[in-house]
Number of protein chains: 2
Amino acid sequence: MTQELFARYSFLLDRTARKVKQYAQHQFKTGEFDVTVDQWLVLKNLSENELLSQTELANLVFKDHPTLTRIIDLLCKKGYVERIPHPQDRRSFQLHLTNSGLEKVGELKPKILEIREKAWENLTPKDFEEFKRILDTIYKNLDGHPIEE
Amino acid sequence: MTQELFARYSFLLDRTARKVKQYAQHQFKTGEFDVTVDQWLVLKNLSENELLSQTELANLVFKDHPTLTRIIDLLCKKGYVERIPHPQDRRSFQLHLTNSGLEKVGELKPKILEIREKAWENLTPKDFEEFKRILDTIYKNLDGHPIEE
DNA sequence: TTCATATATTTGTCACACTAACTATTGGTA
DNA sequence: TACCAATAGTTAGTGTGACAAATATATGAA
């Protein structure tokens, strides 16, 4: 009985996460931002950490490597990012924001922070704390192998 | 300052939703359930509501029509669902669980409830209520047009 | 040196999300 | 009756997500 009720969290969580992304993506499109929500996440992290490898970036944004490869491909095509061969390790790249990419981040950042605010109306600081705690707990509960160290 | 936090919460929400889905999908695969997480959601709803149209089902599971069309296609191919022409409206179908589909639901339901429980370790029923309330608030904040009724 | 193993990234495949455009049908209305 | 807007569903294109396998390079041990 309670079990059935609890099982609904997955549905609600998925539904809400999709709505948040959908809302942001819609605003991105209306504002002609020229990037998707996920591409923005990557750009933002690159602006805060120069010369990351793709593996390091993947760990930061919690995306798998193939997904990241494709997002980087698109960002390169748009001229916001460059892959620079790693000086020591020829398997690897250092990711570099172009000037155009830097400009883009500067231009979009305030707009996006504003967009993100909308989701959190009618919630209190205490709600945020609870929400964060619960999300983190769920994540950890399911995060099977913290890389078996 | 606070604004940056909002963006951070959006990230946590997305990350956790993906983890939940990924965990479930992995268990589905290990158990050879022969359906994806989203296909299960559709099957379950069909088992609780017979003779839905695709539009009605789409509203229940909060998926868009193209997505649902493909999920139904796959479930038909697997023999769990049938599209029955609507007797009055030739544009529409009534969705029907086959015997095989019914069996599948009966077989998987308890297993899936068990899988879903894992996320709630270390959390209380009260946490669940809070979580649900916050998710619903977020959803409503962004749900621009409550179908303008 | 040579080989086994590990790491960084890419490629391929399938599933899902969102948009836009399209077909067929329905139902109201002039 | 003829027209036309609305509705049900499908198709196509692009982006993302997960997973497996392939490629290239690096590293450590024999």
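Naming convention: chains lettered A, B, ... in sequence-line order (proteins, then strands); numbering from 1 in each chain. As a basis for the values below, the full set of heavy atoms in this structure was taken, side chains included, without hydrogen atoms, waters or symmetry mates.
Residue contacts for A/Q94: at a heavy-atom cut-off of 4.0 Å it reaches no nucleic acid atom on any strand shown. Residue contacts shown for A/R70 include a base, since a base heavy atom lies under 4.0 Å away. Residue B/Q25 is classed as having no contact, given no heavy-atom separation below 4.0 Å to the nucleic acid. Within the 4.0 angstrom heavy-atom criterion, only backbone atoms of the sugar-phosphate kind lie near B/I71; the bases stay farther away.
A/Q54 and A/R83 are linked by a side-chain donor-acceptor pair at a separation below 3.5 angstrom, with hydrogens and angles left out of the test. Judged purely by distance below 3.5 Å, without hydrogens or angles, the side chains of B/K78 and B/Q39 pair a donor atom with an acceptor atom.
For B/E56, the CD atom is densely surrounded, since the number of other residues' heavy atoms within 6.0 Å is greater than 12. For CZ of B/R8, the number of neighbouring non-hydrogen atoms (other residues, nucleotides, ligands) closer than 6.0 Å is 12 at most.
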Assess whether salt bridge (charged side-chain N to carboxylate O under 4.0 Å, His left out) is satisfied between B/E130 and B/R133, documenting all intermediate values. CA-CA 5 Å; B/E130 288 286 283; B/R133 176 181 61 81; 3.1 Å; yes
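Of all nucleotides in DNA chain C having an atom under 4.0 Å from a heavy atom of chain B, the first and last in 5' to 3' order are C/dA15 to C/dT26.
Candidate nucleotides D/dA20, D/dT16, D/dT25 were compared by shortest atom distance to the side chain of A/L74, and D/dT16 ranks first.
OP1 or OP2 of D/dG17 has at least one side-chain nitrogen or oxygen of A/K63 nearer than 4.0 Å.
For residues 27-59 of chain A, proximity to DNA chain D is found at A/T36, A/D38, A/Q39, defined as any non-hydrogen atom under 4.0 angstrom from a strand atom.
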